[in-house]
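Heads up, the thing below is written out as structure tokens.
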2 protein chains.
Amino acid sequence: MSKRKISIEDIARRAGVSHSTVSRALRDNSLISPQVREEIKKIAREMNYVPNAVAQSLQTQRTNTIGVVVTSIADPFFGEVVEGIEQVARTAGLSVLLSASHRDFEQEIAAIDSFHRRRVDGILVADSRITKHHTQQLAQIAVPIVFLNSQTQDQPEMFHFIEIDDYLGARLAVEHLVSLGHTSIGYLGVGDRSRSNQQRLEGYRMALTETGLSSKTDWVAISDEEYGRTDDVAIGQQQLPKLVTAGVTGIFCYNDMVAVGALLACQELGISVPQDLSLVGFDGIALSRYVTPPLTTVCQPMLELGRSAMQMLLDVLMEKSVENLVLSPFLVKRGSSAGTVTSDQ
Amino acid sequence: MSKRKISIEDIARRAGVSHSTVSRALRDNSLISPQVREEIKKIAREMNYVPNAVAQSLQTQRTNTIGVVVTSIADPFFGEVVEGIEQVARTAGLSVLLSASHRDFEQEIAAIDSFHRRRVDGILVADSRITKHHTQQLAQIAVPIVFLNSQTQDQPEMFHFIEIDDYLGARLAVEHLVSLGHTSIGYLGVGDRSRSNQQRLEGYRMALTETGLSSKTDWVAISDEEYGRTDDVAIGQQQLPKLVTAGVTGIFCYNDMVAVGALLACQELGISVPQDLSLVGFDGIALSRYVTPPLTTVCQPMLELGRSAMQMLLDVLMEKSVENLVLSPFLVKRGSSAGTVTSDQ
DNA sequence: ATGAAAGCGCTAACAC
DNA sequence: GTGTTAGCGCTTTCAT
């Protein structure tokens, strides 16, 4: 915190008033005569006074700070989300503390705990791994928490959450492929994201069933847990061959990075996308637009996810009533998917 | 800051000791008898005591928090950098406050000011727009600041900085193209990043001169300021045709996003990369690996940039002597560049 | 309209 | 070893 700074006492002394008068003047309290108020402000400016937010926080019991936990800061998905969060946080005069959980339960708790000690006004947790078992400890915290796309099966019902409709997303992807004429549609998923992966898989199965199609067991490829630690692109690359062997003509991928991996594998294997195989991603990260062919993908409104989550937290802080939110993803058709009725077969 | 929490007073009362004894016990002060210490810790645990970092900060004059300013949180480049920062910050027990400047001078100052009020222990600013004119105001701050890849021409010499060698980067790019046999090499830059863009352009010119080649004026395309607000991909797309018309066979692009834009434009114009035209990017963001063809690019060690910057700040805080750092970029050859001696011309 | 005094929760001299 | 006291810089009754 460096050298001693100017305090309201210093200003008070210089202005020949009490420190409480300074405090009031600086905060435009209506009871201070306009003249002294201006005089005090002038002196404060001259002395380069910078209010000490720490002292203010101790007194007011508000830090005007929120904590945000994401799995990885470098992940383009969370980049967008945090951008959205920060935008509305700043507008509301709140600063954001950022921490990474690396999809590790311990680190997630550690981050939340650190925020708790720092007395943040609220916490946002993306991709949480917290289950009901730990609800107890968290309940103590008494700090408003909003979960974004929580990955736990049993959402602690006492907290607020906002999430994207994975079932709907999966349905959009599958229906798109079906509408293109595909009948052998696979799913390429990841092993360690319990909830979203599971719901997308379920959604995929449901959509298939509803359209009168079925899914063979070998049309679903999920990476082993061991690969879970690898990056998603690698997962896509490793798993793609299986699905091709299984004979699918269209694949719904867990997310865009996985889809990119699949695309890379196709290039290596001489499989043309979308002529030989259609690929659909999930998320709609910037990257999806720039690969060749550009990815057809189920977009999550990432910026809005962040913005709305922050707005929910703001509402909680202002003690408004808050409804949990389920956001709808939307399909963006691009070059990686096409019909099966190939002319040049 | 929510409801009233347990304080050391509460624990003291319950343990039948004074609050300072509790304070000492909790912090393993050697003067407290082991038995009471454990007893107190036990009680603290039972009462779910969570130390109030705000009060600690007010007393110790340290917040164990640093502030980080980047131009955009969603930018993949800064994502990596911040990831690096957060890693070493957390290891050192520091939390990070994150804010975006959107390449706007006012917002940058506002962010720094906000950090100042919050009494952060140190500040990291990436892509700063601060010039000597404002050095005065900043000097008052008396908070250690480390600049990362400062974009101002006149670096305030009183602060620490770490940056990447743009001249060397440009040279690597140009020499690579030259070694491939190119003699008509262009530069595709952006209009609003004064320093890095200028140094890369200069480096490009120097490298050309050194290898005995020249550069025609229309071999350099810089987007207008107006496009500056658009995204880099759009800039690349818009500017590429000019350079092609000018007859270059190889282009050094300001960064990867610009290069991707150029690549997209090529695809539309039916220009094959690298057969008809070689492209070299800058940064080495993940995306560069996944476009087709993958980008040959001058990589900045992004994670290391963040880590080292944070380490520098840590050193400053521990009052070690600190040297400014200039990091070297390195070339990664991939598919977007190739020789000019085309066989099928 | 302004000042005096208490207190937010903690650490650290200084006593004993 | 442990308690007493002061104080970090601010906001906020309560007097006047």
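From a predicted model like this one, the values you see are computed outputs, not experimental measurements. A, B, ... follow the sequence lines: proteins, then strands. Residue 1 opens every chain.
Taking CG from B:L31 and OG1 from B:T21, the interatomic distance works out to 10.5 Å, rounded to the nearest 0.5 Å. In this structure, CG in B:D315 is found 11.0 Å from CD in B:E323, a value given to the nearest 0.5 Å.
Of the two residues near DNA chain C, A:V22 and B:S7, the one whose nearest nucleotide lies more 5' is A:V22.
If you measure from atom CZ of A:R13 to atom C1' of D:dC10, you get 15 Å, rounded to the nearest angstrom. Atom CD of B:E9 and atom P of D:dT4 are 11 Å apart (whole Å). A:N29 places its CG atom 10 Å from the C1' atom of C:dA1, with the value rounded to the nearest Å. The interatomic distance linking A:I32 (CD1) with C:dT2 (P) rounds to 5 Å, in whole Å. Atom C1' of nucleotide D:dT11 and atom CD1 of A:I11 are separated by 15 Å, given to the nearest angstrom. Residue B:N52 contributes atom CG, which lies 18 Å from atom P of D:dC8 at whole-angstrom precision. Rounded to an integer number of Å, the gap from A:L26 CG to D:dC10 C1' is 11 Å. Counting to the nearest Å, the C1' atom of D:dC10 and the OH atom of A:Y49 are 7 Å from each other.
Between A:Q56 and the phosphate of D:dT11, there is a side-chain N or O to OP1/OP2 separation shorter than 4.0 Å. Checking the phosphate oxygens (OP1, OP2) of D:dC10, no side-chain nitrogen or oxygen of A:S23 falls inside 4.0 Å. Contact between the side-chain N/O atoms of B:Q61 and the OP1/OP2 oxygens of D:dG9 is found at a separation under 4.0 Å. Contact check, B:R119 against D:dC8: no side-chain N or O comes under 4.0 Å of OP1 or OP2.
A donor and an acceptor atom never sit less than 3.5 Å apart when one is taken from the side chain of B:H19 and the other from the base of D:dT2.
Without hydrogens or angle criteria, B:Q300 side chain to B:I164 main chain gives no donor-acceptor distance under 3.5 Å. With hydrogens and angles disregarded, a donor-acceptor distance shorter than 3.5 Å links the side chain of B:D121 to the backbone of B:T63. Side chain of A:R90 to backbone of B:A100: a donor-acceptor contact under 3.5 angstrom is found.
With respect to A:K41 and A:D28, a salt bridge is recorded, a charged nitrogen being found less than 4.0 Å from a carboxylate O. Ion pairing between a basic and an acidic side chain is recognised when a charged N comes within 4.0 Å of a carboxylate O; B:K42 and B:E46 show such pairing.
Of the candidate nucleotides D:dT11, C:dT11, D:dG9, D:dT11 has the atom nearest to the side chain of A:T60. Side-chain atoms of B:L31 lie closest to D:dT2 of the nucleotides D:dC10, C:dT2, D:dT2. In the set D:dT2, C:dC8, C:dC10, C:dC8 carries the atom at the smallest distance from any side-chain atom of A:L58. Proximity note for B:V17 (side chain, C-beta onward) versus C:dA1, D:dG3, D:dC10: the nearest is D:dG3. Here C:dG3 is the nucleotide among C:dT11, C:dG3, D:dC10 with the atom lying nearest to any side-chain atom of A:S18.
DNA chain D is contacted by B:S33, B:V36 of residues 33-42 of chain B, taking any non-hydrogen atom closer than 4.0 Å.
For the residue pair B:T65 / A:R118, a side-chain donor-acceptor distance below 3.5 Å is found, with atom types taken as modelled. Looking only at atom types and distance, the side chain of A:E163 has no donor-acceptor partner in the side chain of A:S150 under 3.5 Å away. There is no side-chain donor-acceptor pair under 3.5 Å between A:R27 and A:Q56.
Residue contacts for B:I8: at a heavy-atom cut-off of 4.0 Å it reaches a base atom on one of the strands shown.
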Atom pairs, N/O to N/O, protein against nucleotides 13-16 of chain C, distance under 3.5 Å?
from	atom 1	to	atom 2	distance (Å)
C:dA13	N6	B:R24	NH2	2.5

